[in-house]
Protein chains: 2
Amino acid sequence: MTTDTTPDLPLEEARTRILNAAQTLFAAHGFNATTTKAIAEAAGVPSGLIFYYFPSKKALLTTILRERNMLIELSTVVEMLLVSDPRTALLTLAAHYMEALRQHRELTAILLREFRSHREIADQFHALREEHIVLITSYVQKLLKGKCNAPEQYMQAMARTFLYNLIVIGIIEDPPEPHRFIEEMVDILLGGFAINA
Amino acid sequence: MTTDTTPDLPLEEARTRILNAAQTLFAAHGFNATTTKAIAEAAGVPSGLIFYYFPSKKALLTTILRERNMLIELSTVVEMLLVSDPRTALLTLAAHYMEALRQHRELTAILLREFRSHREIADQFHALREEHIVLITSYVQKLLKGKCNAPEQYMQAMARTFLYNLIVIGIIEDPPEPHRFIEEMVDILLGGFAINA
DNA sequence: GTCTATATGATGATAGAC
DNA sequence: GTCTATCATCATATAGAC
């Protein structure tokens, strides 16, 4: 931060290494299946040191989710996304969301895995979901103002469909190239099947 | 099964009670957080009896998912669903899927929780997902034959959107009255926002 | 701040009586 | 088939040297 010749990457602190290791292992094997010993090994620290920085194993979990709250940056991204046509706008928004989901895929995986066991995590998970539904809904409303006469209720339903599809595709299905999936989803959301029946 | 005066409900076998208890606890707290002692207590059997019926705790998990494979009945339901207009058809199909998901919500929760840890479960989970995408896709194709000129690729994308939304809404969001959500989703899938831009 | 050794408790699984 | 008692192991967390 001050007069170091080398950047902070090699001087990574033990606390950070512990959090990183815990995050990876919690996402891969789950909270209960991950031992503090395994975390210490992956972090390259002795197992006792974990309990110098954190009072308990569970504190590791809550700290990860508190300090590394994902998707904050998306709020500001959405502000800037006032592109011309709706299709391009939705494609861009979806790509940003997919990018954020994948960059924080470990955090998302932890939320999806553990929200049934720990009430605080469930609260955080559902609050986050709600927050983003609101964010996407208001964006879609601005985007389609005057161009679409659907009631507000459907704007929200569209936001749900948008978000839930991205989550399942990005975190569970996890294809190497999600571009095609995003494009298909956006086209369905915009035009549906335009049934003539 | 033969000359009993009472039906088989009160004569429920210990093995079944153990499986039921394990299923509920695995779904609620996860595999690793559930102890065999807790399963035995919930089932009303001594803890040793579990290992008379099952060689290990993990065998309990795989047995549950093997013997209670959900959604089999949906295949036959889909066969019968050749209703007139597409909207009614999709609403009915969605309602059936939601019903099945909720009736087997514990199994679905277990799949969602554990598929990252156990390869057999991951395989089963993704196979099941693929199977239902195919099922829904072929149904949608029959349904919209001649009424819609969308390429086959989009039929499959629609099936994905359909299924993934139902899963997230039914298993994660879990609202008391999902009817409204189903209706909104179907309308979006059929008509989208019909942008005039 | 870092590391070693260990206490304490719980867990999956077994042995064997009934 | 059912139940009790118990083993062996391993996990979280602590004590305390450096």
Side-chain angles (χ1 to χ4, degrees), chain A residues 1-2 4 6 8-65 67 110 113-114 117-118 120-121, chain B residues 1-2 4 6 8-65 67 110 113-114 117-118 120-121:
Chain A
M1 212 197 214
T2 47
D4 257 341
T6 46
D8 42 299
L9 254 162
L11 277 172
E12 200 180 22
E13 282 171 19
R15 199 189 105 105
T16 307
R17 288 213 310 280
I18 291 170
L19 284 177
N20 289 341
Q23 174 175 319
T24 302
L25 292 172
F26 286 162
H29 312 299
F31 176 75
N32 281 283
T34 304
T35 67
T36 53
K37 191 162 171 282
I39 294 169
E41 264 170 34
V45 301
S47 48
L49 197 60
I50 289 178
F51 297 95
Y52 170 75
Y53 285 110
F54 305 96
S56 68
K57 180 184 165 187
K58 177 145 184 186
L60 263 176
L61 179 64
T62 55
T63 302
I64 288 168
L65 293 174
E67 294 190 1
I110 292 174
R113 264 193 105 116
E114 310 295 343
S117 313
H118 314 269
E120 332 91 72
I121 295 181
Chain B
M1 211 197 212
T2 47
D4 257 341
T6 46
D8 43 300
L9 253 163
L11 276 173
E12 200 180 20
E13 281 170 19
R15 198 188 107 104
T16 308
R17 289 214 309 282
I18 290 169
L19 284 177
N20 289 341
Q23 175 176 318
T24 302
L25 291 173
F26 286 163
H29 312 299
F31 176 75
N32 282 283
T34 304
T35 67
T36 53
K37 194 162 170 281
I39 295 170
E41 266 170 33
V45 301
S47 47
L49 197 59
I50 289 179
F51 297 96
Y52 170 74
Y53 285 110
F54 305 95
S56 68
K57 179 184 166 188
K58 176 146 186 184
L60 263 176
L61 180 64
T62 53
T63 303
I64 288 168
L65 292 173
E67 294 190 2
I110 291 173
R113 264 194 105 118
E114 309 295 342
S117 314
H118 314 269
E120 330 94 72
I121 295 183

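Values reported hereafter were calculated over all heavy atoms of this structure, with side chains retained and with hydrogens, waters and symmetry mates removed. Naming: A, B, ... by sequence-line order, numbering from 1 per chain.
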Open item on the list: From CD1 of A:I39 over to C1' of C:dC3, roughly how many Å is that when rounded to an integer?
Closed with: 18 Å

TODO: Give me the residues of residues 47-64 of chain A where at least one heavy atom lies under 4.0 Å from an atom of DNA chain D, by number, or none.
DONE: A:G48, A:F51, A:S56, A:K57

- [ ] Would you check if A:R113 and B:S117 make a side-chain contact, meaning some heavy-atom pair closer than 4.5 Å?
- [x] yes

Task: Short N-O contact, A:E114 and A:K58, less than 4.0 angstrom - done: no

Task: Close side-chain approach of A:T62 to A:I121, heavy-atom, < 4.5 Å - done: no

Open item on the list: Within the structure provided, determine whether A:I18 and A:F54 are in side-chain contact (heavy-atom separation under 4.5 Å).
Closed with: yes

Open item on the list: Applying side-chain contact (heavy atoms from CB on, under 4.5 Å) to A:F51 and A:T36, what does each step give before you reach the verdict?
Closed with: CA-CA 9 Å; A:F51 297 95; A:T36 53; 3.8 Å; yes

Open item on the list: Rounded to whole Å, how long is the line connecting atom CG of B:N32 with atom C1' of D:dT12?
Closed with: 15 Å

- [ ] Anything under 30° is parallel, anything over 60° is perpendicular, the rest tilted; go ahead and classify B:H118 against B:F31.
- [x] perpendicular

Task: Separation of D:dC3 P from B:K37 NZ (nearest whole Å) - done: 16 Å

Task: Which nucleotide in D:dT12, C:dT4, C:dG12 has an atom nearest any side-chain atom of B:T36 - done: C:dG12

